[in-house]
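A short worksheet on the structure shown next.
Just follow the structure's listing: the first ligand is 1, and inside any ligand the first atom is 1. Keep in mind the model is a prediction, meaning the values are calculated, not measured.
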Amino acid sequence: MHSLEDYYELAGDKVISDIHKKARKLYGKHILHINSTCQGGGVAGILASLIPLMNDVGIEAGWRILHGNPDFFSITKKFHNALQGEQINLSEIKKELYTQTNKLFSVYTHINHDCVLIHDPQPLPLIKLYEKKQPWIWRCHIDLSHPNEEIWEFLKRFILRYDAVILSNKKYRSKHLPVEQRVIYPAIDPLSAKNKELSEGDISKYLKKFRVPTDKPLIVQVSRFDKWKDPVGVIEVFNLVKEKIDCRLVLCGSMAGDDPEGWMIYEMLKKKANRLIENKDIIFITSENSILVNALQRSSAVIVQKSIREGFGLTVTEGLWKEKPVVATNVGGISLQIDNGKNGFLVEPSDIKGFAQRVVQVLKNRKLAEKLGKKGREIVKEKFLITRLLSDYLDLLNEMIR
Ligand code: UDP
């Protein structure tokens with residue numbers, strides 16, 4: 001657990017002092033964050049770093065998790081997919097189970113806080129189940145660039161009750177939503193197990209433990225096994241790269257508690273990989289281990305993120321922070337982080353060949369890789385560290401809480 005002072009060297013005096021100033025009017029205020037998993041995926045990672053820091057600067061911030069059964073998470077994953085543009089059969093049964101699970105939670109969870117922050121769609125209906133005595137903010141981490149209309153209309157009746165909506169990209173704003181829609185970029189914690197500096201000894205210890213050989217350059221994608229992260233596309237890219245350079249692919253994806261599709265997609269990929277000659281050079285990892293992720297990212301020759309939709313893409317931020325060349329798709333929040341050719345490469349999601357060419361280019365040209373990596377870290381330092389995120393939240397809370 002870190003205190004704000006630990007970030008002093010990375011963030012600088014001004015940022016730290018401004019945070020303390022902004023926190024002053026919020027001392028003792030009781031803030032509640034609610035999401036639906038404490039493990040796996042970007043939201044849980046952010047909350048695990050952000051909430052202790054909020055407490056450290058004098059706010060009383062808490063975190064509760066909406067529990068649900070497998071059917072609930074299967075439905076909310078369908079909602080998530082539909083919000084990212086897929087079709088959905090929005091039956092009454094689905095709506096009922098969604099609202100009933102929220103209702104059950106509300107029966108044993110008392111809310112008398114000064115502000116409530118709801119993350120993502122799973123706990124969205126809670127707002128209807130309480131007598132509202134404080135501002136409620138919906139923080140959506142999803143890529144809302146092409147939402148399915150039916151699900152949007154259904155969820156909108158809850159969203160309209162909120163005092164503000166926070167999005168990760170201004171492109172996700174909806175013209176037809178008369179609620180304040182604010183953009184706050186997510187961020188990484190540079191001192192967390194996933195991002196802190198690691199010694200060479202620790203890196204090789206973790207790679208050995210998880211049987212990742214380092215005799216060939218590593219191409220790494222760290223992502224939940226999710227169709228939106230396009231792991232099939234990554235394998236296709238790898239096949240093309242392999243024709244030019246001998247290398248290994250690592251697909252590392254832990255299973256998030258609120259994403260029931262992970263194992264199914266993982267099994268499908270393993271089968272696909274088994275049919276390939278290059279199979280022995282594709283390594284799958286499903287372990288939930290932050291230091292392993294850190295070690296993998298640090299030992300990669302290139303980090304890839306071949307998403308089709310991406311709310312923000314913290315794995316890209318993590319790669320940039322570690323001064324790695326990142327080749328990723330020009331979608332959602334990734335486009336906010338990579339300036340094509342300056343601190344990484346952006347490729348359109350359907351362009352498998354172009355993606356592979358960029359990977360080969362950075363594998364062959366280590367000077368270029370280094371240059372991109374250096375620039376990448378600078379951009380993260382400037383825009384995407386947890387101290388900036390904390391500061392943005394304090395601004396919002398100061399406005400919302402009287
Ligand atoms: N992550 C992890 N282990 C894995 C896969 C992902 O720790 O096997 C982490 C990853 O490092 C990042 C987060 O989960 O911090 C994923 O965030 P991102 O915004 O990239 O995607 P999301 O899962 O939220 O859609």
Side-chain angles (χ1 to χ4, degrees), residues 35-50 73 76-77 79-81 83-84 119-122 139-145 167-169 172 184-196 198 206 210 212 220-231 234 250-263 265-266 269 283-298 300 303-322 324 326 328-329 331-338 380 384-386 389:
N35 80 320
S36 61
T37 181
C38 61
Q39 174 238 288
V43 181
I46 290 174
L47 293 181
S49 291
L50 181 72
F73 286 118
T76 53
K77 183 70 203 270
F79 286 12
H80 172 108
N81 291 342
L83 282 170
Q84 298 208 136
H119 295 263
D120 280 343
Q122 295 91 340
R139 202 309 171 212
C140 179
H141 298 264
I142 295 173
D143 183 338
L144 289 179
S145 51
L167 305 165
S168 298
N169 191 333
Y172 305 159
I184 298 184
Y185 300 144
I188 58 159
D189 180 351
L191 303 182
S192 67
K194 206 173 291 171
N195 296 307
K196 67 178 183 183
L198 289 181
Y206 272 83
F210 287 89
V212 181
V220 173
Q221 174 159 304
V222 175
S223 271
R224 289 178 293 107
F225 290 105
D226 178 4
K227 56 177 157 271
W228 301 108
K229 312 285 184 185
D230 196 16
V234 178
V250 181
L251 287 171
C252 174
S254 60
M255 303 296 166
D258 56 357
D259 181 356
E261 290 179 347
W263 285 112
I265 291 179
Y266 169 74
L269 284 173
I283 299 170
F284 288 93
I285 298 177
T286 56
S287 158
E288 166 77 32
N289 187 317
S290 296
I291 301 189
L292 170 69
V293 168
N294 192 341
L296 274 174
Q297 289 169 331
R298 287 185 189 278
S300 63
I303 287 179
V304 297
Q305 191 60 51
K306 224 214 132 288
S307 306
I308 295 162
R309 297 266 194 274
E310 191 59 76
F312 186 69
L314 288 170
T315 50
V316 169
T317 334
E318 290 158 6
L320 298 174
W321 180 243
K322 295 176 181 104
K324 292 293 167 183
V326 181
T329 39
V331 297
I334 298 177
S335 324
L336 298 168
Q337 303 185 60
I338 295 184
V380 176
F384 305 124
L385 291 185
I386 192 86
L389 180 62

**Item:** Check: S223/Q305 side-chain N/O donor and acceptor closer than 3.5 Å
**Value:** yes
**Sequence-distant partners of K324, side chain to side chain contact (heavy atoms under 4.5 Å, CB included), two or more places apart** = S300, I303, K322
**Request:** Output the list of atoms in ligand 1 that are nearer than 4.0 Å to some heavy atom of T315, sorted by atom number.
**Result:** 10 (C), 12 (C), 20 (O)
**Message:** Please determine whether any non-hydrogen atom of G313 lies less than 4.0 Å from an atom of ligand 1.
**Reply:** yes
**Request:** Note the single closest protein heavy atom to atom 9 (C) of ligand 1, along with its residue, its atom name and the distance in Å.
**Result:** K194 NZ, 3.3 Å
**Complete:** shortest atom 23 (O) of ligand 1-to-protein heavy-atom contact is with R224 NE, 2.8 Å
**Request:** Take the angle between the ring planes of Y266 and W263 and call it parallel below 30°, perpendicular above 60°, tilted in between.
**Result:** perpendicular
**Message:** Suppose I only count heavy atoms of C252 and a 4.0 Å limit; which atoms of ligand 1 are within that range?
**Reply:** 5 (C), 8 (O)
**Request:** Could you name the option among H141, Q305, Q221, K229 that has the heavy atom nearest to atom 22 (P) of ligand 1?
**Result:** K229
**Complete:** In terms of heavy-atom contacts, V316 and A328 come closest through CG2-CB, 4.4 Å
**Asked** Numbering the atoms of ligand 1 from 1, which are under 4.0 Å from a heavy atom of E318?
**Response** 10 (C), 11 (O), 12 (C), 15 (O)
**Fill in**
Taking only non-hydrogen atoms of V293 and a 4.0 Å limit, the atoms of ligand 1 in range are 2 (C), 3 (N), 7 (O), 11 (O)
**Message:** As a test of understanding, state which of L320, I386, L385, I46 forms a side-chain contact (heavy atoms from CB on, under 4.5 Å) with I188.
**Reply:** L385
**Request:** Within a distance under 4.0 Å of any heavy atom of G42, pick out the atoms of ligand 1 and give their elements.
**Result:** 13 (C), 16 (C), 17 (O), 22 (P), 23 (O), 24 (O)
**Request:** Look at the side chain of N169 and the backbone N and O of D143, then say whether any donor-acceptor pair between them is shorter than 3.5 Å.
**Result:** no
**Request:** Return the residue, atom name and 0.1 Å-rounded distance of the protein heavy atom closest to atom 6 (C) of ligand 1.
**Result:** V222 CG1, 3.6 Å
**Message:** So if I count the atoms of ligand 1 from 1 in the order they appear, which ones are less than 4.0 Å from some heavy atom of G41?
**Reply:** 13 (C), 14 (O), 16 (C), 23 (O), 24 (O)
**Fill in**
Residue, atom and distance of the protein heavy atom nearest atom 8 (O) of ligand 1 read S254 N, 2.5 Å
**Item:** Taking every non-hydrogen atom, the tightest pair across P121 and L83
**Value:** CG-CD1, 3.6 Å
**Prompt:** Measuring from the heavy atoms of S290, does anything fall under 4.0 Å of ligand 1?
**Reply:** no
**Message:** Among all protein heavy atoms in this structure, tell me which lies nearest to atom 19 (O) of ligand 1, with the distance rounded to 0.1 Å.
**Reply:** L314 N, 2.9 Å
**Request:** Verify the neighbour count for atom OH of Y185: are there more than 12 heavy atoms of other residues, nucleotides or ligands below 6.0 Å?
**Result:** no
**Message:** For ligand 1, which is the ligand I care about here, please tell me if S287 has any N or O atom under 3.5 Å from one of the ligand's N or O atoms.
**Reply:** no
**Prompt:** Is D226 salt-bridged to K77, cutoff N-O under 4.0 Å?
**Reply:** yes
**Message:** Would you say R139 and S168 are linked by a side-chain donor-acceptor pair, where the criterion is simply a distance under 3.5 Å?
**Reply:** yes
**Prompt:** If we only count N/O pairs under 3.5 Å, is S223 in contact with ligand 1?
**Reply:** no
